[in-house]
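Below is one structure, written out as structure tokens, with a few remarks after it.
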Amino acid sequence: MTTLMHYDPFREALSLRNAMDQLLAQSFVRPNWGSSDSASRGVTMDVFETEQGYQVRVVLPGVKPEDLDLSVQQNTLTIKGQFQSSVKPDQQVNWLVQEIGVGSFERSITFPKPIDADKIDTSFEQGVLTISVPTSSASRPKKITITGGQPEQMAVEAGKH
């Protein structure tokens, strides 16, 4: 019995791509495919919203808090810093594996709601920078109480219809 298969011009291209991916995975060179901006390489972050504002957690192993620059412009928070190399510039080494990034980085996030830049709070513990970014009070939901007067009482005189 003969099985007919539709011609797929991309079938061979995909198998070539898989072969190239495997070749790169087996090599010592690991390009940063996940990031289009090399300045953000190696900096991962979590951002979530709470009732009070936003929480930002940035993983920065080996970076000292004094080597970080945190700035706010309108609703955009920017974190800049630099990963230092463990190898001194004058030291001659033969790398076998080099996966820890070195050099400067920059990450920015723009929040959808207005933020209160004067009340931003930060902490840095065990290589994790935590930033609490409160939203402005004008953008927070407010509960509105409904008040009303006494319902008008209708007086009915006896004997009248």
Side-chain angles (χ1 to χ4, degrees), residues 6 8-146:
H6 291 289
D8 183 5
F10 297 106
R11 185 176 329 174
E12 286 79 20
L14 287 176
S15 65
L16 176 62
R17 180 176 179 205
N18 290 339
M20 292 299 292
D21 286 345
Q22 185 178 7
L23 179 65
L24 285 173
Q26 292 172 349
S27 72
F28 291 118
V29 179
R30 294 192 185 254
N32 190 13
W33 298 116
S35 173
S36 59
D37 180 13
S38 63
S40 68
R41 178 181 33 227
V43 179
T44 56
M45 67 171 41
D46 290 337
V47 181
F48 57 92
E49 185 175 4
T50 66
E51 288 182 11
Q52 292 76 32
Y54 302 99
Q55 290 289 314
V56 180
R57 294 185 67 230
V58 186
V59 179
L60 299 166
V63 177
K64 297 176 186 171
E66 57 268 15
D67 294 337
L68 293 172
D69 179 29
L70 191 63
S71 62
V72 175
Q73 182 176 10
Q74 294 180 345
N75 286 354
T76 302
L77 174 73
T78 302
I79 304 159
K80 295 179 185 177
Q82 185 157 347
F83 290 112
Q84 302 295 329
S85 175
S86 60
V87 177
K88 300 191 181 354
D90 60 342
Q91 191 177 4
Q92 295 293 326
V93 297
N94 183 23
W95 289 102
L96 299 179
V97 177
Q98 184 181 15
E99 295 178 342
I100 300 172
V102 295
S104 61
F105 63 86
E106 179 177 335
R107 287 295 304 263
S108 294
I109 181 158
T110 301
F111 301 106
K113 294 179 185 172
I115 60 173
D116 189 347
D118 295 328
K119 294 183 181 173
I120 292 176
D121 185 40
T122 63
S123 68
F124 193 86
E125 188 175 326
Q126 297 179 351
V128 178
L129 172 64
T130 303
I131 309 164
S132 297
V133 183
T135 53
S136 69
S137 58
S139 67
R140 290 189 193 146
K142 292 182 178 86
K143 182 164 178 75
I144 300 171
T145 328
I146 300 172

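One is the number of the first residue; the rest follow in order along the sequence.
Within the 4.5 Å cutoff, no side-chain heavy atoms of V58 are placed close to those of T44. With a 4.5 Å cut-off on side-chain heavy atoms, L60 and V128 do not count as touching. Put simply, the side chain of K113 reaches to within 4.5 Å of the side chain of E49, judged on heavy atoms. Under the 4.5 Å side-chain criterion, counting only non-hydrogen atoms from C-beta, P114 is in contact with N75. In this structure, L77 and L70 have side chains that are in contact, with non-hydrogen atoms separated by less than 4.5 Å. Looking at P134 and I115, their side chains never come closer than 4.5 Å, going by heavy atoms from C-beta outward. Within the 4.5 Å cutoff, the side chain of V56 has no heavy atoms near those of the T130 side chain.
Distance CD1/I79 to CG/D69: 10.0 Å, rounded to 0.5 Å. For the atom pair CD of Q73 and OG of S71, the computed distance is 8.0 Å after rounding to the nearest 0.5 Å. In this structure, OG in S132 is found 13.5 Å from NZ in K119, a value given to the nearest 0.5 Å. Here the straight-line distance linking atom CZ of F83 with atom CG of D67 works out to 11.5 Å at 0.5 Å rounding. Put simply, CD1 on I131 and CG on D121 are 10.0 Å apart, with the number rounded to the nearest 0.5 Å. Going from atom CD of E51 over to atom OG1 of T135 covers 10.0 Å, rounded to the nearest 0.5 Å.
In this structure, R107 contributes its side chain and T78 its backbone to no donor-acceptor pair below 3.5 Å.
Of the N and O atoms on the side chains of T76 and T110, at least one donor lies less than 3.5 Å from an acceptor on the other residue.
Between F111 and Y54, the angle of the ring planes stays under 30°, which puts this pair in the parallel group of the 30/60° scheme.
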Candidate pair V102 and Q84, rule side-chain contact (heavy atoms from CB on, under 4.5 Å), full reasoning: CA-CA 6 Å; V102 295; Q84 302 295 329; over 6 Å; no

Working for side-chain contact (heavy atoms from CB on, under 4.5 Å), residues S104 and E106: CA-CA 7 Å; S104 61; E106 179 177 335; over 6 Å; no

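Of all the heavy atoms in V63 and F105, the pair that sits closest is CG2-CE2, 4.4 Å. In this structure, A117 and V72 approach most closely via the heavy-atom pair CB-CG1, 4.0 Å.
Within a 6.0 Å sphere centred on CD of Q91, other residues, nucleotides and ligands contribute more than 12 heavy atoms.
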